J.: 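One structure is given below, represented as structure tokens, and several questions about it will come after.
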Amino acid sequence: MSPSPLINFWRDKMQRVGRRILAPRRNKALAWGQEEAVARDDSRYPFRLQFYNTPPDDTVTLEEFEQYAVDRLKVLKTIELLKIRFPKRGSEFDTKMRAITRQYLPLSARGEQDNDAWYMERRKDHISHFVLRLAFCRSEDLRRWLLQYEAELFRFRLETEAAEDCVAFLAENKLSYELVGMEEKMAHKQALSALGRLGADIESTDYYKVPFEDALELVRSRRTFLSEGVAYVAREDMFSITVGVFRSRLSSHLTTTSKALPELEEDDRLMPLLKALGKQNIGGDFGKRSDSDAKVCVADLPKLSTESFPLCMRDLYEDLTTTHHLKHTGRMQFGLFLKGIGLTLEDAILFWRTEMTKGQTTPDKFDKAYAYNIRHNYGKEGKRTDYTPYSCVKIITGNPPNTVEHHGCPFKHSDRDSLRLRLNRLQVPTVVITEILSLVADQKFQIACTRYFEATHKTTNTDLMLQHPNQYFLESRKLLTGEKPTAGPAKAGGAGEAVKEEIPDEELLAAAAMMDDDMD
């Protein structure tokens, strides 16, 4: 089987830029990218809309490759949340969609920007789509997710496009959907009125003539009428047909790309970037702290655990203070979270020693077996890496807990009855529990956690999209204290910054596992 054009494109481009674009120092890649200005070809993007039929043929710097994809991923993840919030769409949905696309994927009309800015917007949209297509073609779940939210983004853009531009775009893509003129509408006014659209104004509604075979579903539901082999459909129904075409084409492209992807498996420069995108933490860096950041002391933890800990961390805290021991993965997940909310190294050692020596761990055993791990997480031992707290994606996709472990995400790793009982004990309203369980059944774990946050804080913040346990904590403190927190992602470029999490070295993990075995 020959490689797809997309695979050939990226492989050829990465070979072309070679070591210079993948140099260890990112500023070198950027400097190289500036040596060759982007050759602008206005004819490449005649419309704001695209079916993304043809891969881009630009040389792409490493910064563009990553940042374009991350920006598009932010938009698609926001769409996922908005679809839960506003299942029937509406004006608030549109307002928030305009805001997020304007921020990360703007597509200005000609004349709204200078020609260079106008062109670069379309280039970013083009390249970012193909990067995510490569990153999300690796499994059926990833393909399904990308297909759903790329289609939603396309629908939103289609709905905001002028009727004449829509027709021209469709004609360019060999879709003969002709806008019906006023005289022809009036000639068919009775038939159009009989379609049963309540309150529809025939004169002000755009109608399109669509080939019969493209509108079979509308024919079956009697939402169109036929004349000489042509279906007359309203603008909103034309959107549904066009989005269906978009989905069909993208689905086919994703399948083709997935079959050809092994061609890239040996490329150790490109594949790590693509694999990381599916597990990208776009919620901010909550691990890098300075002396000006807010601090938390050991005495604060009992109150904070009930007020502001996400459910995963509240469970770990309660398990630790009840059994006085956590397995290694639980200690890592909870310990780095405590570090992220402001617990100092000295207080962390005090807290863990106090709790663990209430059980079977002696003070001497703690100092020899566990204190090193805590100092290691704070960057004071080993490679002296300042490790970051685990993101939601890392917790959800990590190894699930066994019967004697307590780490993980309660929404992902708890059975339905246990989760319902847990939420009941926390006095979450029954209607919210039902909604959360429905979200969990659909594998929307982070949105379920966001709904839990809103219920326990008695708020409905439609802009909130939880990506990180420490983000949950900071948002909670902001609500409860009325103050804007100084800790957290502000030091790392703000929420939404793409962050690569540091993973402890294998030697430390193996040693910690042996300690856990000794405790059993």
Side-chain angles (χ1 to χ4, degrees), residues 45 47-52 56 60 63-87 89-109 112-113 117-118 120-137 141-161 239 243 246-247 250 253-254 273-274 276-284 391-393 444 446-447 450 461-468 471 489 493-499:
Y45 305 121
F47 306 101
R48 291 199 323 143
L49 300 170
Q50 286 197 63
F51 274 133
Y52 306 102
V60 182
E63 281 74 11
E64 290 174 330
F65 187 93
E66 289 186 289
Q67 193 58 54
Y68 286 4
V70 168
D71 284 352
R72 193 178 195 91
L73 197 54
K74 291 174 186 175
V75 172
L76 298 184
K77 283 183 174 289
T78 301
I79 294 174
E80 180 183 22
L81 179 63
L82 292 177
K83 286 293 292 179
I84 297 295
R85 299 280 189 218
F86 310 105
R89 301 167 73 87
S91 60
E92 196 166 0
F93 175 91
D94 292 342
T95 297
K96 294 183 182 301
M97 281 292 295
R98 281 192 293 271
I100 193 68
T101 53
R102 188 181 303 117
Q103 182 177 1
Y104 292 112
L105 280 179
L107 284 180
S108 306
E112 293 180 1
Q113 295 269 22
W118 169 90
M120 293 303 290
E121 286 179 354
R122 281 154 176 74
R123 176 177 180 269
K124 177 181 179 179
D125 177 65
H126 191 196
I127 292 172
S128 65
H129 170 86
F130 277 91
V131 176
L132 290 192
R133 186 188 289 187
L134 272 177
F136 280 75
C137 73
D141 287 343
L142 288 175
R143 290 194 294 271
R144 187 184 303 113
W145 187 89
L146 184 68
L147 184 63
Q148 179 176 354
Y149 297 108
E150 279 285 349
E152 285 294 337
L153 176 60
F154 179 80
R155 175 185 286 274
F156 174 75
R157 288 172 167 173
L158 182 66
E159 290 175 346
T160 57
E161 197 75 354
F239 292 155
V243 171
F246 177 87
R247 286 180 63 96
L250 179 55
H253 291 321
L254 285 169
L273 294 175
L274 297 175
L277 282 171
K279 297 182 178 181
Q280 189 73 261
N281 167 26
I282 62 171
S391 68
C392 290
V393 170
K444 300 182 184 300
Q446 290 166 250
I447 300 175
T450 301
N461 181 358
T462 55
D463 291 324
L464 181 63
M465 182 171 63
L466 291 176
Q467 302 285 347
H468 203 293
Q471 177 195 6
E497 182 100 6
V499 178

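Predicted, not measured: the structure shown is a model, and the values here were computed from it.
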J.: Do side-chain atoms of Lys124 reach the backbone of Glu64 as a donor and acceptor pair under 3.5 angstrom?
T.: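 Here the side-chain-to-backbone pair does not exist.
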
J.: Parallel, tilted or perpendicular: which fits the ring planes of His126 and Phe130, with parallel below 30° and perpendicular above 60°?
T.: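 The arrangement is perpendicular - the two ring planes meet at more than 60°.
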
J.: Is it true that Tyr52 and His253 have ring centroids separated by less than 6.0 Å?
T.: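 For Tyr52 and His253, the ring centres are not under 6.0 Å apart.
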
J.: Under 4.0 Å between a side-chain nitrogen and a carboxylate oxygen: does that hold for Arg122 and Asp125?
T.: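 Salt bridge absent between Arg122 and Asp125.
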
J.: Check whether any side-chain heavy atom of Glu80 sits under 4.5 Å from a side-chain heavy atom of Trp145, and report yes or no.
T.: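 The answer is yes; the side chains approach within 4.5 Å.
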
J.: Report yes or no: do Arg133 and His129 form a side-chain donor-acceptor pair below 3.5 Å?
T.: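 There is such a pair between these side chains.
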
J.: Salt-bridge test for Arg143 and Glu150: reply yes if a basic N is under 4.0 Å from a carboxylate O, no otherwise.
T.: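 No salt bridge links Arg143 with Glu150.
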
J.: Please name the pair of heavy atoms, one in Ser128 and one in Ala69, separated by the smallest distance, quoted to 0.1 Å.
T.: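 In terms of heavy atoms, the two residues are closest at CB-N, 4.3 Å.
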
J.: Is the shortest heavy-atom distance from the side chain of Phe47 to the side chain of Leu107 under 4.5 Å?
T.: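 Counting from C-beta outward, Phe47 and Leu107 never come under 4.5 Å.
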
J.: Less than 4.5 Å apart, side chain to side chain, heavy atoms only: is that true for Val131 and Tyr68?
T.: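 No, too far: nothing below the 4.5 Å cut-off.
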
J.: Give me the ring orientation class for Phe93 and Phe86: parallel if the planes are under 30° apart, tilted from 30 to 60°, perpendicular past 60°.
T.: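 It falls in the perpendicular class, over 60°.
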
J.: Could you walk me through whether Glu159 and Arg155 pass the salt bridge (Lys or Arg N to Asp or Glu O under 4.0 Å) check?
T.: CA-CA 6 Å; Glu159 290 175 346; Arg155 175 185 286 274; 3.8 Å; yes

J.: Which residue in the set Ile79, Val75, Leu81, Leu73 passes side chain to side chain contact (heavy atoms under 4.5 Å, CB included) when paired with Lys77?
T.: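 One option only clears the test, and that one is Leu73.
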
